[in-house]
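These notes are about the structure you will find just below.
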There are 2 protein chains.
Amino acid sequence: MYDVHLSTGYGAPVADQARRVPLNRDRVLAAAVGLADAAGIESLSMRRLAQELGVVPMALYKHVSDKDALLDGMVDAVLGEIEPGAPGADWRAAVQQRVLGARRAVLRHPWARRAIESRTSRTPVVLDHMEALAAAFRAGGFSADLTHHVMHTLGNRIWGFSPELFDAPHDPAAPAPGPAEQEARAAEFGRRFPTILEIAVAATRGDLGAVGGGCDEQFEFEFALDLLLDGFERLRDQGWTSAGDPRRGGV
Amino acid sequence: MYDVHLSTGYGAPVADQARRVPLNRDRVLAAAVGLADAAGIESLSMRRLAQELGVVPMALYKHVSDKDALLDGMVDAVLGEIEPGAPGADWRAAVQQRVLGARRAVLRHPWARRAIESRTSRTPVVLDHMEALAAAFRAGGFSADLTHHVMHTLGNRIWGFSPELFDAPHDPAAPAPGPAEQEARAAEFGRRFPTILEIAVAATRGDLGAVGGGCDEQFEFEFALDLLLDGFERLRDQGWTSAGDPRRGGV
DNA sequence: TTGACAGGTGTACGTCGTACACCTACCGTC
DNA sequence: GACGGTAGGTGTACGACGTACACCTGTCAA
């Protein structure tokens, strides 16, 4: 569990000197990603990360300017895993490949979704992904104008995830209610929120016990993606322009 | 600036006793919302909030179980502002009214967007909104099945916002680059990300200086909402079911 | 030989959330 | 009128956290 580097006093002890590999930004980021994967993003602290690397907390600041930059770097590392997609594909396949590739990368790291949402900086890696998507639309005959709005419409789905609407990650620490109370709750729920209940029943095909298991996120994601791409295609074929859009008061 | 309640020692001083209104959950939440509105969500701490209320930090814990619950309560307070919408409207108008109403509420509080994204708990207020939306779809002839997927597709847009894709809130503390450097950066940007540049030019109608100002979020939001509602309508009219969807391996 | 520098170290500060023990005014019950 | 419970306030203290700052040390070029 504990690393060898437990020396007190300045500098690395002579015994370790030979075998110590100097830290660098990539090793720091990799360790941070690994720690977040294993222990959750909420237990990723500079101190904990330093400990994991056998180093004093302040050593990290030689490679990463602050914790925000660390998070940015981690997100970059994840997004760097996105496969570029086959070159010959038509626009629709190209977009799907890119987006579903991003999804695979993000799903590999449970914390990535949340981290991406909370970041706002447009690093080169982020811009690369956006550029590739935008270029796919342009190559598919979309105007720059339409491409812009279409990217906005995709929103965070360009990163391969949609927000979790229904499945509250239920607290495992909460005491399990008895079956009687459970039934009473369900009844009360059905009275106040009949449509949501109806939807849940439909979604689980009657097996309401499975509600806690959440929806089929992959299906929901692809459903929405296809719906959007269909809509985009239709607008393109109609020759849509923002100047001609009634919301812009055009025509 | 400072409140009168500066006494040391236990209990409220006798002089104040008559005029002190006891705290309650609603007053705590209102103060928290006000503080977040005025000073930003990042400077909302239990200590600061207590100070604002002329009270010791621990006093808050008599009304709110912890900071997470405080945040939940604040989000609830904002969502409670959503107007229900006119009763006679057809499904499409009902959805639009509800969603654009949510948008107005969220836009009143700059922190709300981020707070909603980071919350996962489904409070009654949250469920009320979802129930109203789902009911509107059902009343419009959508199957429970389709309603479910359609709500997923709307995603966070049911709260009236879409993720900020393009407009990085640029750091006001950053030193402004000289015009020469600015031009060099733009050139480098255009080389690496030509399509994004092209889109930005189209979006700002050539006035690239306006890029920092961000996109017209309201337009983007309504554009996406209409695109989605059109798609939903089409699926409904086609009699779509998830069992018949090729992704589900049906039919 | 020297001296700059990259990369590590230790200490210290201010801030945070909150557990815990406490006190006190008020209320209904005897 | 005494009394006990409870709602709502208080003070202290603890263990995190991020990070500024001063420091040391081995390496390598001049």
Side-chain angles (χ1 to χ4, degrees), chain A residues 3-29 31-32 35-36 39-74 115 118 173, chain B residues 3-29 31-32 35-36 39-74 115 118 173:
Chain A
D3 215 306
V4 228
H5 313 279
L6 292 173
S7 67
T8 58
Y10 286 136
V14 183
D16 279 354
Q17 174 196 332
R19 73 186 61 222
R20 155 162 277 158
V21 207
L23 236 44
N24 58 46
R25 189 179 150 86
D26 282 346
R27 278 190 55 215
V28 169
L29 290 181
L35 183 52
I41 192 76
E42 72 284 349
S43 52
L44 172 73
S45 68
M46 298 301 273
R47 300 171 121 101
R48 174 87 189 270
L49 176 57
Q51 181 182 319
E52 214 75 15
L53 284 163
V55 123
V56 107
M58 288 310 293
L60 301 176
Y61 289 84
K62 287 278 153 62
H63 307 282
V64 139
S65 69
D66 59 5
K67 195 179 177 181
D68 253 27
L70 178 75
L71 265 316
D72 282 343
M74 291 169 66
S118 74
Chain B
D3 214 307
V4 226
H5 313 279
L6 291 173
S7 70
T8 58
Y10 285 135
V14 183
D16 278 356
Q17 174 195 333
R19 73 185 63 224
R20 157 164 275 155
V21 207
L23 236 46
N24 59 45
R25 190 179 150 86
D26 282 346
R27 279 190 55 213
V28 169
L29 291 181
L35 182 53
I41 192 77
E42 73 285 350
S43 52
L44 172 73
S45 68
M46 297 302 272
R47 299 172 123 99
R48 174 88 189 271
L49 176 58
Q51 180 181 319
E52 214 75 17
L53 285 162
V55 123
V56 106
M58 287 311 291
L60 301 176
Y61 288 85
K62 287 278 151 62
H63 307 282
V64 139
S65 71
D66 59 5
K67 193 177 179 183
D68 253 27
L70 179 74
L71 265 318
D72 281 343
M74 291 169 66
S118 73

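Please read all numbers here as calculations on a predicted model, not as lab measurements. Residue numbers start from 1 in every chain, and the chains themselves are labelled A, B, ... in the order their sequence lines are given, proteins ahead of strands.
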Indicate every side-chain donor-acceptor pair of residues 56-74 of chain B with a distance under 3.5 Å to a residue at least two apart or in another chain.
{"from": "B:Asp66", "atom 1": "OD1", "to": "B:Asp68", "atom 2": "N", "distance (Å)": "3.4"}
{"from": "B:Asp66", "atom 1": "OD1", "to": "B:Ala69", "atom 2": "N", "distance (Å)": "3.1"}
{"from": "B:Lys67", "atom 1": "NZ", "to": "B:Leu44", "atom 2": "O", "distance (Å)": "2.9"}
{"from": "B:Asp72", "atom 1": "OD1", "to": "B:Arg119", "atom 2": "NH1", "distance (Å)": "3.2"}
{"from": "B:Asp72", "atom 1": "OD1", "to": "B:Ser121", "atom 2": "OG", "distance (Å)": "3.2"}
{"from": "B:Asp72", "atom 1": "OD2", "to": "B:Ser121", "atom 2": "OG", "distance (Å)": "3.1"}

Sequence-distant partners of A:Arg25, salt bridge (Lys or Arg N to Asp or Glu O under 4.0 Å), two or more places apart
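Partners of A:Arg25 under the salt bridge (Lys or Arg N to Asp or Glu O under 4.0 Å) test: none.
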
Listed partners of B:Ser118 passing side-chain contact (heavy atoms from CB on, under 4.5 Å), at least two apart:
none

B:Asn24: partners by side-chain contact (heavy atoms from CB on, under 4.5 Å), with sequence neighbours left out
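Residues passing side-chain contact (heavy atoms from CB on, under 4.5 Å) with B:Asn24: B:Asp26, B:Arg27.
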
Once you build an axis from the first five pairs and another from the last five of the helix from C:dT1-D:dA30 to C:dC30-D:dG1, how far apart in angle are they, to 10 degrees?
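For the helix from C:dT1-D:dA30 to C:dC30-D:dG1, the axes at either end differ by 10°.
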
Output the rounded distance in Å from [atom1] ([X]) to [atom2] ([N]).
X       : N      : atom1 : atom2 : value
B:Leu49 : C:dT15 : CG    : P     : 17 Å
A:Gln51 : C:dT9  : CD    : C1'   : 16 Å
B:Glu42 : C:dC16 : CD    : C1'   : 15 Å
A:Lys62 : D:dC24 : NZ    : C1'   : 10 Å

Presence of A:His63 side-chain N/O under 4.0 Å of C:dG8 phosphate oxygens OP1/OP2:
yes

For each nucleotide in nucleotides 14-19 of chain D, reading 5' to 3', give B when a protein heavy atom comes within less than 4.0 Å of its base, S when such contact involves only the sugar-phosphate, and - otherwise.
---BBB

